[in-house]
Peer 1: 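One structure follows; several queries about it will come next.
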Amino acid sequence: MLDELIERYSKYSDSELMNVYLNSNGYTEDAKKALEIVVEERGGFSSLKERYYKLVEKEEEKQRVYDKINQLYKKGNTKNDINSIIHSEILSTEEIQEITDLVSSRIEAEKKDVEIKTSTYIGSILGGFIGGTIGGILWGLQLIYSGHIFYLFAVGLGIISYGFIKFFTKQSKNNIVVLILTVASVFYALILGFYIYELFGYRGPER
């Protein structure tokens with residue numbers, strides 16, 4: 001049992017091992033002993049604590065740099081501007097560049113998502129029509145065979161419509177056109193479903 005615990009803890013990162021060590025009060029004696037052995041193999045608790053706090057410090061610095069770069073991008077700064085502004089005594093130039101690229105990619109993706117293009121209109125209309133038609137047929141069928149109106153089903157209609165619109169536009173509900181056409185598609189589905197029900201009438205079990 002002890003050997004198994006030692007083997008398990010040996011696979012832990014310094015951060016994981018430190019978290020286990022700090023919360024080891026409720027552990028069994030074998031677990032505590034195994035933990036002590038592994039910690040000693042890593043240079044002792046003082047060495048482990050030093051490395052752990054350096055990791056914490058680095059993660060906090062990464063978050064600080066990320067937030068700062070994000071603010072600079074939103075103010076219209078370019079990558080070159082940001083690289084000349086951002087400095088860190090903890091992170092390397094390569095690490096800062098990685099964060100810059102990450103923020104840049106995210107912001108560009110967000111811009112593309114909310115951008116209203118011709119393909120946004122075409123995809124939203126096409127996806128809304130297909131999704132609304134399929135949803136409307138399903139809505140009509142549940143009315144025909146149940147005779148009841150389940151408004152919770154409208155959530156499903158929204159999911160169907162939004163799924164088709166997102167498929168055709170490759171944009172999310174954060175885009176105002178996608179959002180409006182999704183709502184319109186749901187209303188179209190509801191109206192179509194009621195029309196189908198009126199056309200065929202109740203076909204379910206006799207009441």
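Positions are given from 1 along the sequence.
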Peer 1: Is the count of non-hydrogen atoms from other residues, nucleotides or ligands lying under 6.0 Å from Lys58 atom NZ greater than 12?
Peer 2: no
Peer 1: Kindly state each residue pair satisfying ring-ring contact (aromatic ring centres under 6.0 Å, His included) with at least one member in residues 19-59, sequence neighbours excluded.
Peer 2: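 Matches after skipping sequence neighbours: Tyr21-Phe45.
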Peer 1: If you define the side chain from C-beta out and look only at heavy atoms, does anything of Gln97 sit under 4.5 Å from Glu94?
Peer 2: no
Peer 1: In Å and rounded to the nearest 0.5 Å, what is the CG to CG distance from Leu181 to Asn175?
Peer 2: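 One finds 9.5 Å between CG of Leu181 and CG of Asn175.
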Peer 1: Is there a side-chain contact between Leu143 and Tyr202 in this structure, where contact means two heavy atoms from C-beta onward sitting under 4.5 Å apart?
Peer 2: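 Leu143 does not reach Tyr202 side chain to side chain.
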Peer 1: Val39 and Val56: same hydrophobic cluster, using ILVMFWY side-chain contacts below 4.5 Å?
Peer 2: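 Result: yes, single cluster for both.
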Peer 1: How many angstroms lie between CZ in Arg51 and OG in Ser46, if you round to the nearest 0.5 Å?
Peer 2: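 One finds 10.5 Å between CZ of Arg51 and OG of Ser46.
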Peer 1: Trp139 and Phe194: ring pair (Phe, Tyr, Trp, His ring centres under 6.0 Å), yes or no, with the steps?
Peer 2: CA-CA 8 Å; Trp139 174 250; Phe194 281 122; 5.7 Å; yes
Peer 1: Do Tyr73 and Ile82 have side-chain heavy atoms sitting under 4.5 Å apart?
Peer 2: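 Heavy-atom side-chain distance check passes, below 4.5 Å.
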Peer 1: Side-chain contact test, heavy atoms from C-beta onward, threshold under 4.5 Å: evaluate it for Glu61 versus Val65 and give yes or no.
Peer 2: yes
Peer 1: So, for Leu35 and Ser24, which heavy atoms are closest and what is the spacing to 0.1 Å?
Peer 2: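 That would be CD2-CB, 3.8 Å.
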Peer 1: Counting N and O atoms only, with roles assigned by atom type, does the side chain of Asp81 sit under 3.5 Å from a partner on the main chain of Thr78, one being a donor and the other an acceptor?
Peer 2: yes
Peer 1: Can you hop from Val177 to Ile122 via hydrophobic side chains spaced under 4.5 Å?
Peer 2: no
Peer 1: Any non-hydrogen side-chain atom of Glu50 less than 4.5 Å from a side-chain atom of Lys54?
Peer 2: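 With C-beta onward as the side chain, the pair touches.
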Peer 1: Check whether more than 12 heavy atoms from other residues, nucleotides or ligands sit under 6.0 Å from atom NZ of Lys79, and answer yes or no.
Peer 2: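 More than 12 heavy atoms, drawn from other residues, nucleotides or ligands, come within 6.0 Å of this atom.
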Peer 1: Quick one, Leu48 and Asp14 - any side-chain contact, counting heavy atoms below 4.5 Å?
Peer 2: yes
Peer 1: Locate the shortest heavy-atom distance separating Leu192 from Gly136; write the atom from each residue and the value.
Peer 2: CD2-CA, 4.0 Å
Peer 1: Given the rule that I, L, V, M, F, W and Y join up when any side-chain heavy atoms are under 4.5 Å apart, are Leu190 and Ile125 in one cluster?
Peer 2: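 Different hydrophobic clusters.
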Peer 1: Looking at Glu60 and Arg64, is there a salt bridge between them, counting it only when a charged N and a carboxylate O are closer than 4.0 Å?
Peer 2: no
Peer 1: Closer than 3.5 angstrom, by distance alone: can the side chain of Glu95 be matched with the main-chain N or O of Ser92 as a donor-acceptor pair?
Peer 2: yes
Peer 1: Hey, could you give me the CD1/CG distance between Ile176 and Leu179, rounded to the nearest 0.5 Å?
Peer 2: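 If I round to the nearest 0.5 Å, the distance is 5.0 Å.
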Peer 1: Let me confirm one number: the CD-CD distance from Glu110 to Glu108, rounded to the nearest 0.5 Å.
Peer 2: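 Going from the CD atom of Glu110 to the CD atom of Glu108 covers 10.0 Å.
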Peer 1: Does the pair Glu98 and Leu102 meet the rule for a side chain to side chain contact (heavy atoms under 4.5 Å, CB included), with working shown?
Peer 2: CA-CA 6 Å; Glu98 285 178 8; Leu102 179 65; over 6 Å; no
Peer 1: Begin with the C-alpha distance, continue with both residues' side-chain angles, and end with the deciding distance and a verdict on side chain to side chain contact (heavy atoms under 4.5 Å, CB included) for Gln171 and Thr120.
Peer 2: CA-CA 8 Å; Gln171 291 172 287; Thr120 306; 2.7 Å; yes
Peer 1: What's the shortest heavy-atom distance between Tyr12 and Arg42, and which atoms?
Peer 2: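 What the structure gives for the nearest pair is O-NH2, 2.6 Å.
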Peer 1: Take Tyr162 and Val178, measure what side chain to side chain contact (heavy atoms under 4.5 Å, CB included) needs, and give me the verdict at the end.
Peer 2: CA-CA 8 Å; Tyr162 176 62; Val178 170; 4.0 Å; yes
Peer 1: With clusters defined by side-chain heavy atoms of hydrophobic residues (ILVMFWY) lying less than 4.5 Å apart, directly or transitively, does Leu22 cluster with Leu55?
Peer 2: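 No, Leu55 and Leu22 fall in different hydrophobic clusters.
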Peer 1: Answer with yes or no after comparing the ring centroid distance for Phe167 and Phe164 against a 6.0 Å cut-off, counting only values under it.
Peer 2: no
Peer 1: Leu17 and Tyr9: which non-hydrogen atoms are nearest, and at how many Å?
Peer 2: CD1-O, 3.9 Å
Peer 1: For atom NZ of Lys32, decide whether the heavy atoms of other residues, nucleotides or ligands shown that lie under 6.0 angstrom number more than 12.
Peer 2: yes
Peer 1: For a quick test of reading the model, state the closest non-hydrogen atom pair linking Gly131 to Ser185 and the distance between them.
Peer 2: C-OG, 4.2 Å
Peer 1: Is any side-chain heavy atom of Ile160 less than 4.5 Å from a side-chain heavy atom of Leu138?
Peer 2: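 Yes; the side chains approach each other to less than 4.5 Å.
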Peer 1: Give, for atom OG1 of Thr182 and atom CG of Leu157, the distance between the pair rounded to the nearest 0.5 Å.
Peer 2: 12.0 Å
Peer 1: What are the two closest non-hydrogen atoms of Phe129 and Thr133, and how far apart are they?
Peer 2: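 Where Phe129 meets Thr133 most closely, the heavy atoms are O-OG1, 2.6 Å.
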Peer 1: Find out if a path of hydrophobic residues (ILVMFWY) with successive side-chain heavy-atom gaps under 4.5 Å connects Tyr66 to Ile85.
Peer 2: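 Result: yes, single cluster for both.
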Peer 1: Do NZ/NE/NH1/NH2 and the carboxylate oxygens of Glu16 and Lys11 come within less than 4.0 Å?
Peer 2: no
Peer 1: When rounded to the nearest 0.5 angstrom, what distance separates CG in Asn70 from CD1 in Ile99?
Peer 2: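 Atom-to-atom, Asn70:CG and Ile99:CD1 are 12.0 Å apart.
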Peer 1: Answer yes or no: is there a side-chain heavy-atom contact under 4.5 Å between Ile165 and Leu126?
Peer 2: no
Peer 1: Show me the donor-acceptor pairs, under 3.5 Å and distance only, between side chains in residues 111-119 and residues at least two apart or in other chains.
Peer 2:
| residue | atom | partner | partner atom | Å |
| --- | --- | --- | --- | --- |
| Asp113 | OD1 | Ser172 | N | 2.6 |
| Asp113 | OD1 | Ser172 | OG | 3.3 |
| Asp113 | OD2 | Ser172 | OG | 2.5 |

